[in-house]
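A, B, ... follow the sequence lines: proteins, then strands. Residue 1 opens every chain.
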Amino acid sequence: MPHHIDPLHPWNIPLTEAAALQQELAARLVFDRPVGPIRWVAGVDGSYRRFCPDMWVAVVVWDAMTGETVEQVALTGRVPFPYVPGFLSFREGPLVLQAFERLQHWPDAVLFDGQGIAHPRGLGLASHLGLWLDLPSVGVAKSRLCGEAVDPLDEPGAWSPLELSGRTVGAVLRTRTRCRPLYVSPGHRIDLAGALDLVQQCLRGYRLPEPTRLAHHAVSAARRAAARTG
DNA sequence: GCGACAG
DNA sequence: ATCTTGTCGC
């Protein structure tokens, strides 16, 4: 576990400062292929409730070799930041990092619900948190934040480059026929080819990769259990 | 000014 | 993201 995680600072700051911080941090991103094999892949998901300043977060560590869940953590807490397009990491970051602090099994890589470098200032949720966690990370968003791309063919594995101001910042990936594609972009310590490989290795017949799907189920289950218990 | 806008 | 039942299609 990296020792430099501080969930309180510098997350709760004005948007102008947050934007400046994003630009600074983006310059520190690394896009090398991960050195070792990636076996344990973490998936992260969050859940909210209308008119409620709280959120639930779940992290699931999934074994790509066996297809089994290695560990899962779910917790709830107040979000310190409203949802503002382009600043999602400042909203979900603190709670997501708290969840990672509780993990007994450190993953080899992380799949986030959101963008990596396919972001106005090059630092989406996956890039920001990947940097903090010092882990290879990938942004797997269900919709577009920025950039342009042609619609990929309706065939699993088909993808088209996501371009932003002349740069390929990600890919629009069809993971399943007749399903809307996913927006995959490198977060940190991985390149686009590696990100696409990893996501596809985690697919098991559904639109979303398993770590993400399981995290979604875990957060829903945790929320329902809490509602029943009180 | 207008439209777009991860979760 | 969330509020929501049934329903159409593979």
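- Using modelled atom types, no side-chain atom of A:T175 and backbone atom of A:L208 make a donor-acceptor pair closer than 3.5 Å.
- When rounded to the nearest whole Å, the span between CG of A:D154 and P of C:dC10 equals 12 Å.
- At a threshold of 4.0 angstrom between heavy atoms, the contacts of A:T177 with the nucleic acid are absent.
- Taking 4.5 Å as the limit, some side-chain heavy atom of A:Q22 sits within range of a side-chain heavy atom of A:H119.
- Side-chain contact between A:S89 and A:L123 is absent, with no heavy atoms from C-beta onward closer than 4.5 Å.
- Side-chain contact between A:P120 and A:L145 is present, with at least one heavy-atom pair separated by less than 4.5 Å.
- Using a 4.5 Å cut-off on side-chain heavy atoms (C-beta onward), A:S160 and A:D151 make no contact.
- Atom CZ of A:R49 is separated from atom C1' of C:dA1 by 14 Å (rounded to the nearest Å).
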### Task
Go along nucleotides 1-7 of chain B 5' to 3' and tag each nucleotide: B for a protein heavy atom under 4.0 Å from its base, S when only backbone or sugar atoms are that close, - otherwise.
---SBBB
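- The shortest distance between side-chain heavy atoms of A:P34 and A:I190 falls below 4.5 Å.
- The residue A:R176 sits apart from the nucleic acid: no heavy atom pair falls under 4.0 Å.
- Judged by closest nucleotide on DNA chain C, A:R223 is the one of A:R178 and A:R223 placed further toward the 5' end.
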